[in-house]
There are 2 protein chains.
Amino acid sequence: MKPKTASAARQYPCEKCPLQRFPHFQVHDKEEISFLSEFKTGELVADAGTTVLVEGANSAHLFTVLSGWGFRYKTLDDGRRQILNYVLPGDLIGLQGSVMKEMQHSIEALSPMILCVFQRDKLPNLFRSFPNLAYDITWLASREEQMLDEILLSIGRRTALERAAYLFAFIFQRAKSVDMVKNGKLTVPVTQQHVADTLGLSVVHTNKTLRKLASRGALRWLDRGCDVLDEQMLMEISGWQGLSTAPRPYI
Amino acid sequence: MKPKTASAARQYPCEKCPLQRFPHFQVHDKEEISFLSEFKTGELVADAGTTVLVEGANSAHLFTVLSGWGFRYKTLDDGRRQILNYVLPGDLIGLQGSVMKEMQHSIEALSPMILCVFQRDKLPNLFRSFPNLAYDITWLASREEQMLDEILLSIGRRTALERAAYLFAFIFQRAKSVDMVKNGKLTVPVTQQHVADTLGLSVVHTNKTLRKLASRGALRWLDRGCDVLDEQMLMEISGWQGLSTAPRPYI
DNA sequence: GCTGCGCATTTAACTATGACATACCAAAGT
DNA sequence: ACTTTGGTATGTCATAGTTAAATGCGCAGC
């Protein structure tokens, strides 16, 4: 379970970044794109199940997700795992390791992923020459913090049913903004163990909880994944108001 | 319970910032201090119990904590509260609201606090003219994210005893770096309701858990607060390796 | 075609935690 | 000086959630 080496080959030049086709993402100007093209050292293609970033590693790169699903997680010495967040196209990953010198979480691919690879030691250059991009990076860090705040609220204070409902409403809205929802329905490539590790519950209890959501028609479990069917019901069960749909930065 | 208005009066000019006396904080050069002096619009003095920042508010400021204790929290509509993190001297607060336009958490003072007030609309200036300070801000955002990751791991996967042990070891180490630990002991100004809201537990169960830690000599409960007595035991119980002691940025 | 594995699902027993109630104490308010 | 309030502590019972074990199914490997 080891990540493929980043390749210098480019399926996607920055000028034709696949994220640009989503109205959810703000636009970069020519100079920024030119700089990003140099900042980018290549692309990483990761198979489902591979570990993209390893806790404790001193990574020389940070990455933007171009396609696919992944998750961020931390583990305790005895193997207990907490999934911190899910990773979707447009997300910047590895910033903590770049800015703070050591990754304290890992990232694993849930589906085949393509990631844009940036070189950490060019980050100070970016901050000097492109304050707007630096501001975008700070925006991305603040956004991750804001998501973590709501996730921590959920795990700490919501009931199991509310937690599950919030999780799928949250994933649904993030996926919607990158056009993954088809006909009002989203397929999420996770097992119930993933869901359990995200909600802070056992697999058995998670199964019971997901059955409750299914019986209400909010979602349907498949093998190794589920269809999210009713965003509104999930928001209502969890008492969550949703994410902003305003266009947002990416790099 | 409303915050006192920020005063333009300065107990602490940036040249004589009280945080500078701690070796834990990196040093700013003269130009940076000069800019920060203009970026700073005043100081906020908050009494214990006051709400420094309110969820939903559109704050025009961000703040550095100069002294005192506080906490960041989110609430659900029915009043359930999750304390996300504690706030200590050197912490930057309000960045989410500054960068993302709306605070989605609140901050309350646990003790009298003094905060340095910065003006949000000068942030782009800072990013343009002082990339090193901008980088420091990104560092601070990443650090908060990293702390949230560990807290979420704790709430999601640690037992009640491990959570409490981790919390006090974590608070102890943060306080140690700003010289709040005297004779190997730290007094933390929290009630058991605060601890319960941090650990995702009820007050009753928190009391039982804290009694276990007390019976092992790791801490001693006072009225409205506790003494943290044995950092090493707490780290051992929680299986936590501790924080970096490397000098860190602040603004 | 058979076997083994991963995953989903279920059940039963058990434990951690919550809810509720009560008692006590110190400090603030009257 | 007395009362009220907030906070700590403890006991009991109920429930959410965990653990262990079992079963079934689909798919990959042989």
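From a predicted model like this one, the values you see are computed outputs, not experimental measurements. The analysis underlying the following values was restricted to heavy atoms, covering all of them including side chains, and did not include hydrogens, waters or symmetry mates. Lettering follows sequence order; numbering is per chain, from 1.
- In the set D:dT18, C:dA21, C:dA8, the nucleotide with an atom closest to the side chain of A:K208 is D:dT18.
- We find that CG of B:L210 is positioned 9 Å from P of D:dT8, with the value rounded to whole Å.
- We find that CZ of A:R211 is positioned 18 Å from P of C:dC7, with the value rounded to whole Å.
- Annotation: B:F170 is in aromatic contact with B:Y166 [ring centroid separation under 6.0 Å].
- In terms of heavy atoms, B:A160 sits closest to B:H205 at CB-NE2, 3.8 Å.
- Checked against the 6.0 Å centroid threshold, B:F71 and B:H194 count as a close aromatic pair.
- Remark: B:R224 is not in phosphate contact with D:dG6, judged by side-chain N or O atoms under 4.0 Å from OP1 or OP2.
- Atom pair A:H205:NE2 and C:dT9:P shows a separation of 15 Å (rounding to whole Å applied).
- Using a cut-off of 4.0 Å between Lys/Arg side-chain N and Asp/Glu carboxylate O, A:R174 and A:D91 are scored as salt-bridged.
- When rounded to the nearest whole Å, the span between CG of B:L213 and C1' of D:dT8 equals 16 Å.
- In this structure, CG of A:L161 is placed 17 Å from P of D:dT15, rounded to the nearest angstrom.
- Distance A:K212 NZ to D:dT15 P: 13 Å, rounded to the nearest Å.
- Among the protein residues, A:S202 comes within range of the nucleic acid bases, having at least one heavy atom under 4.0 Å from a base atom.
- Residues A:A160 and A:D223 each lie close to DNA chain D; by heavy-atom proximity, the contact nearer the 5' end of the strand is made by A:A160.
- When the nucleotides D:dT19, C:dT17, C:dA8 are ranked by their closest atom to the side chain of A:V204, D:dT19 comes out on top.
- In this structure, A:N207 does not reach the C:dA8 phosphate: none of its side-chain N or O atoms is under 4.0 Å from OP1 or OP2.
- Nearest to the side-chain atoms of B:L201 among the listed nucleotides C:dG18, D:dG17, C:dT10 stands C:dG18.
- Rounded to an integer number of Å, the gap from A:I155 CD1 to D:dG17 P is 11 Å.
- The phosphate of C:dT9 (OP1 or OP2) has a side-chain N or O of A:Q192 nearer than 4.0 angstrom.
- Counting only distance, with no hydrogens or angles, the side chain of B:E145 and the backbone of A:S142 share no donor-acceptor pair below 3.5 Å.
- Taking atom CG on B:L199 and atom C1' on C:dA16, their separation rounds to 14 Å, with Å as the unit.
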